[in-house]
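Being a predicted model, the structure only gives us computed values, none of them experimental. The figures that follow rest on heavy atoms only: side chains count, while hydrogens, waters and symmetry mates do not. Chain letters run A, B, ... following the sequence lines, proteins first, then strands; residues in each count from 1.
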Number of protein chains: 2
Amino acid sequence: MTSTAAEPDALRPSIYDVAREAGVSHMTVSRVLNDSPQLRDETRRRILDVIEAIGYHRSEAARALSSRRSRAIGVVVDSAERDASRAALVAVQQAARGRHHSVVPFSITTNGQAGIDDAVAHLAAHRVDALCLIAPRIPTLQAITASHHDLPTVIVADTGDGCPLPSVAVDHSVGAALAARHFMDAGHHSMLHLAGPEDSVDAVSLTRSWRSVMRQSHLPAPLVVGDWSSDFGYEIGATHPGMDSVTAVFAANDRMALGLIHGLWTRGIRVPADVSVIGYDDHAGASHYLPPLTTVRQDFDALGCEAVHALLSSGEGPLEGARRRLLPRLVVRDSVAAPHPRRAPERSTSHRLAAM
Amino acid sequence: MTSTAAEPDALRPSIYDVAREAGVSHMTVSRVLNDSPQLRDETRRRILDVIEAIGYHRSEAARALSSRRSRAIGVVVDSAERDASRAALVAVQQAARGRHHSVVPFSITTNGQAGIDDAVAHLAAHRVDALCLIAPRIPTLQAITASHHDLPTVIVADTGDGCPLPSVAVDHSVGAALAARHFMDAGHHSMLHLAGPEDSVDAVSLTRSWRSVMRQSHLPAPLVVGDWSSDFGYEIGATHPGMDSVTAVFAANDRMALGLIHGLWTRGIRVPADVSVIGYDDHAGASHYLPPLTTVRQDFDALGCEAVHALLSSGEGPLEGARRRLLPRLVVRDSVAAPHPRRAPERSTSHRLAAM
DNA sequence: GCGCGTGGCACACCTCTATTT
DNA sequence: TAAATAGAGGTGTGCCACGCG
């Protein structure tokens with residue numbers, strides 16, 4: 001039961017209707033709505049009753065217009081196809097609601113400058129009072145950085161030190177180290193990295209960290225650059241020649257890992273018996289892949305909370321360029337085993353992996 | 001480059017700033033923004049230039065306030081954890097943008113009436129022009145139906161004939177028939193249905209259709225009621241006693257199918273050699289499950305377009321209570337095979353499945 | 001005349017209707 | 001007549017003034 005509207009062409013009730021009904025001025029109603037302290041309890045109660053009775057809801061539009069604050073956070077998702085960014089969007093949305101804010105979501109679809117312009121126009125029209133950029137690609141990040149708006153902004157991605165904007169992310173250097181350590185503990189020393197696309201901020205961060213770990217361990221760091229999709233993982237698993245010379249693969253997301261395992265399987269290469277695999281994200285379902293996937297878990301809910309917190313607490317905290325990094329966690333399941341001495345383990349077949 | 005703001009405490013430019021700069025009245029600017037025909041080309045061009053130059057963006061809040069139309073569609077997602085509803089949300093969002101509308105997303109989290117009240121309050125505050133309810137549970141659907149608001153509303157779910165509200169969905173009776181036919185063509189006649197939860201509108205529709213097909217074919221229709229999660233599928237696969245007497249399972253979504261296959265695997269039951277499986281949705285990744293999952297594909301993008309179309313074309317089309325049903329498609333992959341005569345196929349072990 | 005509870009008025013930014021040139 | 005203007009909402013918020021013990 002929403003309203004007892006009896007009037008014929010009834011517009012939605014306004015604050016004036018409430019005021020009239022309660023026999024007070026609209027300003028008093030406004031104060032009730034804003035929890036102002038200087039009000040007699042009896043007045044407050046009476047007004048609340050009227051609000052309930054006529055089904056009044058404050059107009060966000062009028063509120064935004066008058067207060068010059070929309071209480072909305074613009075959330076732009078740069079790679080909607082990535083599972084991770086959807087999860088992050090939902091998390092941000094939830095966190096925002098907890099802080100009495102709504103979100104204006106926008107997925108960048110068009111490539112290049114046009115897509116960014118669209119996003120900016122949309123968000124500017126909505127006068128969002130903060131901006132959250134999820135899983136950006138590098139050009140998008142640059143464009144946002146360059147566009148000198150004055151909005152509090154947070155990037156949900158593991159940006160490099162060079163980025164002047166605040167960011168919230170899982171610390172991919174820890175993630176990479178976790179995966180590498182787990183492989184090495186199991187006895188692996190030729191590991192392939194199935195990376196995300198080169199224009200993804202997160203992917204380059206993860207790749208960089210992985211390589212750095214490999215370097216420190218004096219191990220080679222063969223690499224193939226993917227596109228996050230399971231189809232790509234499949235192709236690599238099914239056809240990549242370099243697979244022979246490697247005993248483990250670290251995939252930059254679970255979906256590519258899934259496809260990879262399938263692809264390997266078509267060649268008769270078994271996981272983890274022949275090749276071990278670690279994924280990234282801990283996507284829902286990863287625990288039921290065959291084999292259940294050992295993966296690096298990102299806590300998206302926490303990420304969302306942190307992002308919103310950073311945005312809304314920027315009422316003069318010194319969080320200019322703050323970087324918040326959460327710790328990922330290795331979830332050990334069944335896709336890693338000790339390397340199996342297939343063929344001659346050190347035989348250098350005629351493969352060529354992008355080696356740096 | 002967003003603005004050449006030189007003023008000190010510069011508010012965002014308003015339509016008046018544009019008008020002053022261009023030497024016209026604000027109304028003329030408004031006409032440009034609304035593509036009104038009666039304008040000299042030269043005037044239009046000049047104004048457009050000014051808009052570009054000072055980085056003007058129309059305020060949606062003011063627009064909504066003044067025109068009494070928010071150009072926003074409220075999208076409430078009832079079961080955020082379901083892959084299908086997320087996919088639908090994204091699709092609706094995209095379609096809405098194409099029609100120059102934004103969406104106000106709201107995920108119901110709290111159970112029961114409270115959750116619905118929250119949603120209604122949020123959407124009422126935003127004065128959305130239309131309402132889209134994705135993947136509702138029955139109580140939610142009832143609540144929305146009962147709440148007599150006047151908004152154009154569309155339900156994205158295969159509601160029964162009893163529902164007075166317009167709805168858009170994949171025709172689950174076709175989906176069920178497709179799956180059943182495929183199983184039967186392969187020679188199966190004892191099939192289990194791993195259903196979605198009993199309070200889900202889509203799940204009951206699918207279950208009902210499935211049972212009706214089984215009845216028509218004079219086959220038993222054993223059923224277990226799940227919760228969409230892969231963990232649930234796993235439990236059933238790993239421990240359900242009724243599994244012995246069945247040669248095929250039709251899961252109400254791919255995720256449960258994934259868990260099921262994993263669970264079966266732990267018992268040494270192989271898919272499709274020992275048991276065949278068909279999923280539902282064609283979730284991204286299903287093509288790389290082991291085995292690649294034969295499933296019933298729902299076209300969420302089309303669903304989103306239809307939903308938005310129904311909502312925005314309701315400018316006096318007779319679509320009161322219209323039902324739009326899209327055809328799902330069977331995607332044949334590798335999880336179905338002819339039934340393998342394990343043990344005595346007709347042996348009635350001591351299982352008891354909810355048999356109706 | 002001090003404080004608490006209230007009311008008045010301007011303003012935010014656009015759209016629409018009526019009116020002028 | 002075609003093009004442009006003036007003015008009135010629509011619905012809140014913020015600031016200041018006012019009445020009452």
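The salt bridge (Lys or Arg N to Asp or Glu O under 4.0 Å) test applied to Glu306(A) returns Arg324(A), not counting sequence neighbours.
Here the side chain of Arg68(A) pairs a donor or acceptor atom with the backbone of Ser66(A) at under 3.5 angstrom. Judged by distance alone, the side chain of Ser313(B) and the main-chain N or O of His309(B) form a donor-acceptor pair under 3.5 Å. Of the possible polar contacts, none joining the Asp158(A) side chain to the Asp202(A) backbone as a donor-acceptor pair under 3.5 Å is found. With hydrogens and angles ignored, the 3.5 Å screen pairs no side-chain donor or acceptor of Asn34(B) with any backbone N or O of Arg31(B).
Computed from coordinates, the Arg20(A) CZ to dT6(C) P distance equals 19 Å when rounded to whole Å. Rounded to a whole Å, the CZ atom of Arg44(B) is 14 Å from the C1' atom of dA2(D). Distance Glu60(B) CD to dT11(D) P: 17 Å, rounded to the nearest Å. One can place CG of Asp17(B) at 10 Å from P of dA12(C), the figure rounded to the nearest angstrom. Counting to the nearest Å, the C1' atom of dC4(C) and the CG atom of Leu39(A) are 10 Å from each other. With rounding to whole Å, Arg69(A) atom CZ is found 18 Å from dC13(C) atom C1'. Summarising the geometry, the separation between NE2 on His126(A) and C1' on dA12(C) is reported as 17 Å, rounded to the nearest angstrom.
Contact annotation: Arg12(A) does not reach the phosphate of dT11(D) (side-chain N/O to OP1 or OP2, under 4.0 Å). Side-chain nitrogen and oxygen atoms of Thr43(A) include at least one within less than 4.0 Å of the OP1 or OP2 phosphate oxygen of dT6(C).
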* Could you go through the side-chain hydrogen bond (donor to acceptor under 3.5 Å, both in side chains) check for Ser79(A) and Ser85(A) one step at a time? => CA-CA 7 Å; Ser79(A) 355; Ser85(A) 45; 5.1 Å; no
Check: residues 120-132 of chain A side-chain donor-acceptor pairs under 3.5 Å, at least two apart:
| unit_1 | atom_1 | unit_2 | atom_2 | d |
| --- | --- | --- | --- | --- |
| Arg127(A) | NH1 | Ala124(A) | O | 2.8 |
| Arg127(A) | NH1 | His57(B) | O | 2.9 |
| Arg127(A) | NH2 | His57(B) | O | 2.9 |
| Asp129(A) | OD2 | Ser70(A) | N | 2.6 |
| Asp129(A) | OD2 | Ser70(A) | OG | 3.1 |
| Asp129(A) | OD2 | Arg71(A) | N | 3.0 |

Could you list the donor-acceptor pairs under 3.5 angstrom formed between side-chain atoms of residues 90-98 of chain A and any protein atom two or more places apart in sequence or on another chain?
| unit_1 | atom_1 | unit_2 | atom_2 | d |
| --- | --- | --- | --- | --- |
| Gln93(A) | NE2 | Ser107(B) | OG | 3.4 |
| Gln94(A) | OE1 | Arg97(A) | NH2 | 3.2 |
| Arg97(A) | NH1 | Ser107(B) | O | 3.3 |
| Arg97(A) | NH1 | Thr109(B) | OG1 | 3.4 |
| Arg97(A) | NH2 | Ser107(B) | O | 2.5 |

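Across its full length, the helix from dC2(C)-dG21(D) to dT21(C)-dA2(D) shows an angle of 50° between the axes of its 5 terminal pairs at either end, rounded to 10 degrees.
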* **Contact pattern, 5' to 3', of nucleotides 14-21 of chain C - B, S or - by protein heavy atom under 4.0 Å** => BBB-----
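Under the ring-ring contact (aromatic ring centres under 6.0 Å, His included) criterion, no residue pair touches residues 62-82 of chain B, with sequence neighbours excluded.
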